[in-house]
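Structure, as structure tokens:
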Amino acid sequence: MAAEHPRRTLAALGLSPRKSLGQNFLADLNVARKIVELAQRFPPPFVEIGPGLGALTSLLAEAGTPVVAVEVDRGLAAHLRDRFGGGSVEIVEADFLAVPTQEWRRRFPMGGTVLGNLPYSVSSPIVLRLIELRDLFPRAVLMLQREMVDRLCAGPGGKEYGILSVYLGVLAEARKEFVVRRTCFHPSPDVDSAVMTVRFIGGLPEELVAALRTVVRAAFARRRKTLRNAPVPFLPGGAARWCDLLAAAGIDPAGRAEEVPPAAYLALAGALARL
Ligand code: SAM
């Protein structure tokens, strides 16, 4: 099936790209093929976040792959329903972030794989939501702003390393796969994008993950200061107790949040969870 340029499809539908919804449509079929090939290494069924005009969806539909595609834009969702009705693709008109976990469990009783060229304005909340849903969707292929991918895949020691890098560093193997130039989209965004794969690692107890969230947020709350100055209102005993926990995890309280590797944060979370 020859892909029409998004400009022409939008014009035919009488729609304009909505910046507030991060609508930069992929206009390069080779890039779409590369992304879908990566996704197809992981098990179906798929959930696609923000199918837009269907650049990725159409390739999955051609292969007969089962997909639930969640699109918030009413006009696009209607177009996609017309286009994919009767095939392996189901279009759900919804805000991905508002779909409750029980609804995902109902639709994907055996789990599945996530795919998406994410709307950039909500890419951090979507990554956080995918972390919450990791037992159900242990694999994801995501296109995001290149800088964001660099942040998500960053190791310790630099400015790019932050809260989400630590979460993914502990809970997943996250890998930057390839860069996609801004000229591959319509309209063209101000920055390049990149595609990443995420393979979540199962088996960490929920209370340990909750403790991880607590310690990482505290550590990065004042990332320019030393760790001993982290705000720790959750901890009876305050700064002194916090320094004991840091010591138990082998972390130097005179160091900074961005210098601590994911494994040490996990040890710190373990120390907090054992309290
Ligand atoms: N997948 C298409 C492509 O590659 O050309 C479109 C990608 S575009 C970057 C992001 C899409 O996500 C848009 O279609 C937008 O309407 C949709 N979107 C934005 N926010 C959303 C949300 N919260 N839930 C579901 N879809 C959303």
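One-based numbering, in listed order, for ligands and for the atoms of each. Sequential numbering from 1 along the given sequence is applied to the chain's residues. Quantities reported herein were computed from a predicted structural model and do not represent experimental measurements.
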Review point. Looking at the rings of F25 and F185, which for Trp means the six-membered one, are their centres under 6.0 Å apart?
Key: no

side-chain contact (heavy atoms from CB on, under 4.5 Å) with [X]: which residues, sequence neighbours excluded?
{"X": "E173", "value": "R199"}
{"X": "S165", "value": "A154, Y161"}
{"X": "K34", "value": "F178"}

**Study point:** For the student: nearest non-hydrogen atoms of A218 and W242, plus distance
**Key:** CB-CH2, 4.4 Å

**Study point:** Amino acids contacting ligand 1, non-hydrogen cut-off under 4.0 Å
**Key:** L21, G22, Q23, N24, F25, L26, E48, G50, P51, G52, A55, V70, E71, V72, D73, L76, A94, D95, F96, N117, L118, P119

Exercise for review: Evaluate the criterion side chain to side chain contact (heavy atoms under 4.5 Å, CB included) for residue pair D73 and Q23; output intermediate values, then yes/no.
Suggested key: CA-CA 10 Å; D73 184 300; Q23 291 183 351; 2.9 Å; yes

